[in-house]
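Just so you know, ligand 1 is whichever comes first in the structure, and atom 1 is the first atom listed for that ligand.
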Amino acid sequence: MICLFLSMFAYLFQSGWTGVNERTFIAIKPDGVQRKLVGEIMHRFEKKGFKLVGLKLVQASEDLLKKHYWDLRSKPFFRALMSYMSSGPVVAMVWEGLDVVKTGRKMLGETNPADSLPGTIRGDYCVEVGRNVIHGSDSVESAQKEISLWFSQSELQCWEDSSRHWIYN
Ligand code: IDP
Ligand code: MG
């Protein structure tokens, strides 16, 4: 009930989730699914202490992908990106926790795997920018937009994490 109230408040006032309720959109791209990295990637977010609040396997439509990557529409690699992202199912997720947007990006590594440090997802599991296995929102504002693009409100779960007192003091 409290979660429902908070989500309505966030929706109405576009203030988003903050603090430990901050949310980010993470997607395992078609190459990540094909290469059986789903469990490993989800494990990293779980082990870190973040809470999974949305999860589904999606064959993304061209329309959805165009909206998602609208800011990159004039880039020379845009067509290749559309084709890559629609080449198979994507695991769409929403993770929640303190600073999850910024920390999520750190866990991903740099856009180009060649610039990503070992220990990051892109640093450990991929080689080329055009096959970089994972997406993560780059700001709280983009996270809000991406979550509402990929998920309906009813697909996001509010649940009490029984380990929260061992993660936050
Ligand atoms: P990000 O995924 O780290 O946020 P963006 O610049 O938003 O990086 O680019 C979105 C996606 O477009 C990248 O993850 C990658 O799949 C693809 N991309 C970015 N730059 C290039 C490029 O130079 N060549 C091919 N694909 C690219
Ligand atoms: Mg981006």
Among all the protein's non-hydrogen atoms, which is closest to [atom], and how far away is it?
{"atom": "atom 16 (O) of ligand 1", "value": "Lys29 NZ, 3.0 Å"}
{"atom": "atom 3 (O) of ligand 1", "value": "Thr111 OG1, 2.5 Å"}
{"atom": "atom 2 (O) of ligand 1", "value": "Arg122 NH2, 3.2 Å"}
{"atom": "atom 13 (C) of ligand 1", "value": "Asn132 ND2, 3.5 Å"}
{"atom": "atom 22 (C) of ligand 1", "value": "Phe77 CD2, 3.4 Å"}

Are a donor atom and an acceptor atom from the side chains of [X] and [Y] found within less than 3.5 Å of each other?
{"X": "Ser137", "Y": "Glu146", "value": "yes"}
{"X": "Ser142", "Y": "Asp138", "value": "yes"}
{"X": "Asp63", "Y": "Ser61", "value": "no"}

Side chain or backbone of [X] under 4.0 Å from ligand 1, or both, or neither, by non-hydrogen atoms?
{"X": "Lys75", "value": "neither"}
{"X": "Val129", "value": "both"}
{"X": "Arg105", "value": "side chain"}

Can you label the angle between the Phe45 ring and the Phe50 ring as parallel, tilted or perpendicular, going by 30° and 60°?
-> tilted
With sequence neighbours left out, what residues match Asp124 under side-chain hydrogen bond (donor to acceptor under 3.5 Å, both in side chains)?
-> Arg44
